[in-house]
Amino acid sequence: MPLLCGTGKRGRREIERSSPLLVKRNFKIIFKRKSEARNPKFETIPNDQISNVLNKGVKRIWILKIRICFEFRYSDFEFEPFTMDLKERLRQLSSISKVPVASIEEETGDLKERLDRLLRPEKVFRKRELYPIEKLVNGKIVSASEGETFRAEEYFPPDFRYGEMTLSEIHNIPTYPAHLLSGDERLKEIDFKKALFLDTETTGLSGGTGTLAFMVGLGFFQGDGFVVQQLFMRDYSEEKASLSILQDILNSYQFLVTFNGRHYDIPLLETRMILSRKRSQIREMPNFDLLFPSRKIWKGAYENCRLVTLESRLLGMEREEDIPSEWIPSLYFDYIQTGDARKIHRVFYHNRMDILTMVALAGRIHLVYHDPQAARPRKGVEHFSLGRLFWDHGDREKAIPCFEIALKRCDDELAWEVMKWLSMAFKKTGQGEKAHSLWHEMMEWPYRKDAYPYIEAAKYYEHRLKEFEKAIEYVDQALTLISFHRERDVELLLERKKRLLKKKVGNESR
DNA sequence: AGGGAACTGACGTTGGAGCT
DNA sequence: AGCTCCAACGTCAGTTCCCT
C-alpha cells in the first residue's frame with residue numbers, strides 16, 4: 001500500500017504536490033495513507049516504532065529523499081518518484097554510503113544512525129572543497145577583527161540601464177523631498193550619492209532570535225558607476241565578522257534606502273547586532289523606505305506592491321534565473337549542510353536584482369514626483385494617486401492636472417472616484433463653476449455609484465447661489481439614491497431638507 | 001509563518017467662518 | 001451672542017500588506 005510521508009503543516013502541502021519523505025531532527029516520520037487523500041489524517045510515528053508500523057501490513061512507501069533537517073524545509077532536489085519496499089530502499093542507500101549493513105532488521109530499527117552515516121562530515125568537506133563559494137561567485141574572503149567572511153562584489157557602469165533610467169541619470173538626481181513621501185524630516189535633502197541601498201536575505205520570516213541575515217546586500221554609487229557588495233556568511237560562525245564589516249560600511253553613509261526595511265531588514269539586523277554585543281545606530285539612521293511611497297503611488301495600479309511586481313509591471317524588467325524568495329532559507333540550509341555552493345549563487349543573483357530594482361524604483365519615484373507629466377505615468381490610476389499625494393502635500397497646482405489626466409485615462413470603475421476628487425479640488429480652490437459642471441457630468445454618468453454629486457450640488461445651491469428650491473430638488477434626488485442602510489446619511493439629508501424648506505419660506509415671505 | 005505600520009471605515013469632537 | 005455648517009482631526013477596532 002503506497003504511503004505519503006512528511007512533517008508539519010508545510011510538509012503536508014508539499015507532500016500533496018510531490019510526496020517526498022521528509023525527516024525532522026527528532027526523526028519522527030509522519031505517514032499518510034494514500035487512500036485517505038481526500039481527507040488526509042497525519043500521524044506521527046517515532047522511528048523506533050516504524051518497524052511496528054511495517055509489521056502491521058504497511059509494506060510500500062514513496063521516498064524521494066531522506067535528509068536530516070535543522071528545521072523542516074522542502075527539498076529542492078529533483079528525483080524520479082518511485083515505489084519500492086522500504087527495506088529495499090534502505091539497502092540501496094546503504095550501498096551508496098558504502099557502509100556495511102549488518103542486517104535489514106537493524107537498519108529499519110535505527111534510522112537515525114543510518115542517516116548520520118549518510119551525512120558523514122567527510123562527505124560535506126569533500127563537497128566544500130569541490131564547489132566552494134569563492135570559485136562560483138565573484139568575490140573574496142575578507143577579514144575583520146572577529147574573523148573572516150565572504151564578500152561578493154559586482155560593478156555596474158554608469159550607462160547600465162535597469163528600468164527606464166541609466167545609473168548615471170539616477171546618480172545625478174538632485175536632492176528631492178523624500179521627507180514628504182516618508183514622513184521623516186531628516187530625508188528632506190536625501191542625496192543618492194550618500195545613500196546605501198540595503199537588502200538582506202535571511203533564514204526565514206519569523207523574526208526574533210532564531211532568524212539571521214546570512215546575506216547583506218549593499219549598493220552604493222562609486223565614481224559614476226554603481227557597486228553591489230554582498231556580505232555572505234559561509235557558516236553561522238562568520239556572523240560577527242560579517243556584522244562588523246557591515247557596521248564599518250554603515251558608518252560611511254548618511255542615508256539608507258530599503259524596501260520594507262523599516263519593519264524587516266533593519267529590526268532584524270539590529271537584533272543580530274545586539275546578540276553579537278555590537279553597538280549599532282542602524283535603527284537611528286535616516287531610512288528612505290521605498291515601500292510606503294510605492295504604495296501611495298501605485299496601490300491599485302497593479303495586483304500588489306511587492307518589489308518583484310513593481311519591477312516587472314512598472315519598470316518592465318524580467319529576471320532571467322530568479323528563484324522565489326521562499327526558497328532562499330532552504331537553499332542556505334543546504335549550503336550550510338553540504339558546503340556545496342552550486343545553488344546558492346542564485347541567491348546572490350536574487351539579492352543583486354533586488355538592490356538594482358530599488359535603485360530603479362527610487363529613480364522612478366523621483367521622476368513621477370518631480371515632474372509627473374514628463375514621467376508619463378502609464379495608467380490613469382497612477383496619475384490619480386499622484387494627484388492625491390500632491391493634494392495631501394498641499395501642492396494644489398500639481399494635483400489638479402493629475403486628476404484631469406487621470407480622468408481621461410482611467411477606466412469607468414475608477415472615473416467616479418477621480419471625478420469626486422477633481423470636483424472637490426475645484427470647490428476648494430474657488431472654482432465653483434467647474435465643480436458644478438463636473439457634478440452635473442457625474443449626474444449623467446452611466447456608472448453612477450452614490451448620491452455625492454446631488455449632495456454637493458445641494459450645498460452649492462444653498463450656500464453659494466441661494467437657490468433653495470433647486471437645492472431641495474437635489475436633496476430629494478439624493479434621497480432616492482442613498483441606501484436606506486445608511487441611516488445617518490439619510491438623517492442628515494432630511495435635516496438639510498427641513499432647513500432648506502424653512503429658508504425657502506423665509507425667502508418667499510420677504 | 002511573525003511583526004507591526006499603514007490603511008479603512010465609522011463615529012465623535014473641535015474650531016473657524018458666516019449668517020441672523 | 002448664538003446658531004449652523006463644514007472641514008479637519010482624533011479615536012478605535014479590524015484588516016491588509018510586506019519582508020525571507
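Given the structure is predicted, the values throughout are model-derived calculations rather than measurements. Numbers restart at 1 for each chain; the letters A, B, ... are given by sequence-line order, proteins then strands.
- Nucleic acid contact for A:D354: sugar-phosphate only, since backbone atoms but no base atoms lie under 4.0 Å from a heavy atom of the residue.
- The aromatic ring centroids of A:Y131 and A:H345 lie 6.0 Å or more from each other.
- Bending across the helix from B:dA1-C:dT20 to B:dT20-C:dA1, expressed as the angle between its end axes from five pairs apiece, amounts to 30° (10° rounding).
- Within 4.0 Å of A:N304, counting heavy atoms only, lie sugar-phosphate atoms of the nucleic acid but no base atom.
- Ranking B:dA6, B:dG2, C:dC18 by closeness to the A:Y264 side chain, first place goes to B:dG2.
- One side chain, A:S280 or A:Q247, offers a donor N or O that lies under 3.5 Å from an acceptor on the other.
- Between A:L307 atom CG and C:dC19 atom P the separation is 6 Å, expressed in whole Å.
- Here the P atom of nucleotide C:dC18 and the CG atom of A:L290 are 14 Å apart, to the nearest Å.
- Aromatic ring centroids of A:F192 and A:F255 lie 6.0 Å or more apart.
- Residues A:M419 and A:Y452 fail the side-chain proximity criterion, which asks for heavy atoms closer than 4.5 Å.
- When rounded to the nearest whole Å, the span between CH2 of A:W421 and C1' of C:dA7 equals 13 Å.
- Listed nucleotides: C:dC17, C:dT20, B:dA6. Nearest to the side chain of A:D199: C:dT20.
- Between A:V347 and A:R295, it is A:R295 whose nearest contact on DNA chain C lies nearer the 5' terminus.
- Going from atom OH of A:Y335 over to atom P of C:dT20 covers 21 Å, rounded to whole Å.
- Regarding A:R306, its CZ atom lies at a distance of 5 Å from the P atom of C:dC19, rounded to whole Å.
- If you measure from atom CD of A:E326 to atom P of C:dC18, you get 14 Å, rounded to the nearest angstrom.
- Side-chain proximity of A:L205 to the nucleotides B:dA5, B:dC7, C:dC19 is greatest for C:dC19.
- Straight-line distance from the CE atom of A:M233 to the P atom of C:dT20: 17 Å, rounded to whole Å.
- Counting heavy atoms from C-beta on, the side chains of A:T211 and A:T271 never come closer than 4.5 Å.
- At a threshold of 4.0 angstrom between heavy atoms, the contacts of A:T202 are confined to the sugar-phosphate backbone, with no base atom among them.
- Between the CG atom of A:L268 and the P atom of B:dG3 there is a distance of 13 Å, given to the nearest Å.
- Proximity of A:K299 to the phosphate of B:dT8: a side-chain N or O atom is located under 4.0 Å from OP1 or OP2.
- Checked against the 6.0 Å centroid criterion, the rings of A:F232 and A:Y335 qualify as a close aromatic pair.
- The 12-atom threshold is not exceeded at NE2 of A:H370, counting heavy atoms of other residues, nucleotides or ligands nearer than 6.0 Å.
- When the side-chain nitrogen and oxygen atoms of A:R262 are compared with OP1 and OP2 of B:dA5, none of them lie within a distance under 4.0 Å.
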